[in-house]
Amino acid sequence: MTGSADALVISFGEMLIDFVPDTSGVSLAESQAFIKAPGGAPANVACAISKLGGNAAFIGKVGEDEFGRMLVDILRGNGVNTDGVSFDMEARTALAFVTLRKDGEREFMFYRNPSADMLLRESELNMDLIKQAKVFHYGSISLISEPCRSAHLAAMKVAREAGALLSYDPNVRLPLWPSDEAARSGIKSIWFDADLIKVSDDEVQFLTQGDPEKEDVVMSLWHDKLKMLLVTDGEKGCRYFTKNFKGRVTGFSVKAVDTTGAGDSFVGALLTAVARDPSLFHNEPKLREALTFANACGAMCTTQKGAIPALPTAKDAQNFISNSKAK
């Protein structure tokens, strides 16, 4: 494994437990039993990077409880550095009940009032670790409430000053925000700080209130500090926009069982490539190759339940791509 020799990618934000019905296609109310699955987008990304042989750390907060300890063990078991994880003595680890409708799409119900991840303080940040990041990745859920919002902004600032590339996947979860408008303005409040932004087609629609298929709508999200803007289009693949070129990379068709974590698997694969070779942003053939690989990782992640267990290794992904080409 090349892990330790690779440039460090830090994922900042929430880690929680998803409770997923053991039967696909039922509502939360209809479900008889639930499987507990570790989740939280930034934690999924960290595990994705580590599983692909990259060098990943996670920074966030969990409860000093059975679930919190279980989550930290899962990070460690997946080879993720946990030196930036803190435990809250009072608040519980966040929970989410997630159901997969018949079409594999998700319905969420969250238990965070407040949960440990929301209570991360600036004083608890492992600044020495943050300063080592070559890539610093985050979402928007950590912006919703204080003190976590201030900790998030402070961590971004330290990472940027230390020369890290800032990567942002807003990961819109509307039930967690006070209103749609609050979500839009909260997500956009740090828009212009990022070097790399990944949004789904649905998120483009939500943020712009326009048609995500239209290029001028997507480009309204562009800003001059960006090295790349990426739009994921589910199984159709993704679209990329850089200062010098733009295009589309087709996806892989698979039988989706659970779309949880597919976007995180995609992001993890891309950030692993970026950490190894930042020249990707200027080299279109190399970028397209990295995005094909990331599309494969995203697709593979949907073929089994739970985000982290479904994350592929580099070898799995390469075999998958070879077999898909053979078809």
TODO: Check step by step if side-chain contact (heavy atoms from CB on, under 4.5 Å) holds for Arg69 and Phe87.
DONE: CA-CA 9 Å; Arg69 286 188 289 273; Phe87 289 90; 4.2 Å; yes
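No chain of hydrophobic side-chain contacts below 4.5 Å, direct or via other Ile, Leu, Val, Met, Phe, Trp or Tyr residues, connects Val135 to Val158.
We find the CG-CG distance between Asp117 and Asp88 to be 10.0 Å, quoted to the nearest 0.5 Å. Considering CG of Leu28 and CZ of Phe19, their distance stands at 12.0 Å, rounded to 0.5 Å. Rounding to the nearest 0.5 Å places CZ of Phe58 at 7.0 Å from CD of Glu14.
Sorted by first and then second residue, the side-chain hydrogen bond (donor to acceptor under 3.5 Å, both in side chains) pairs with a member in residues 172-182 read Asn171-Arg173, Glu181-Arg184; sequence neighbours excluded.
In terms of modelled atom types and a separation under 3.5 Å, the side chain of Lys134 and the main chain of Leu8 share no donor-acceptor contact. Looking only at distances, no side-chain donor or acceptor of Thr313 sits under 3.5 Å from a matching main-chain atom of Leu52. Asp195 places a side-chain N or O within donor-acceptor distance of the main-chain N or O of Leu166, the cut-off being under 3.5 Å.
You'll find the ring centres of Tyr138 and His152 inside the 6.0 Å limit. Aromatic ring centres of Phe108 and Phe97 lie farther apart than the 6.0 Å criterion allows.
For the pair Tyr168 and Gly139, the tightest heavy-atom approach, listed with the atom from each and the gap, is CE1-O, 3.5 Å. Pairing each heavy atom of Val217 with each of Asp211, the nearest pair is CB-O, 3.3 Å. Taking every heavy atom of both residues into account, Ile308 and Cys47 meet most closely at CD1-SG, 3.8 Å.
Salt-bridge check for Lys61 with Glu122: failed, with every basic side-chain N at 4.0 Å or more from each acidic carboxylate O. Ion pair Lys236/Glu213 flagged as a salt bridge, since at least one NZ, NE, NH1 or NH2 atom sits closer than 4.0 Å to an Asp/Glu carboxylate oxygen.
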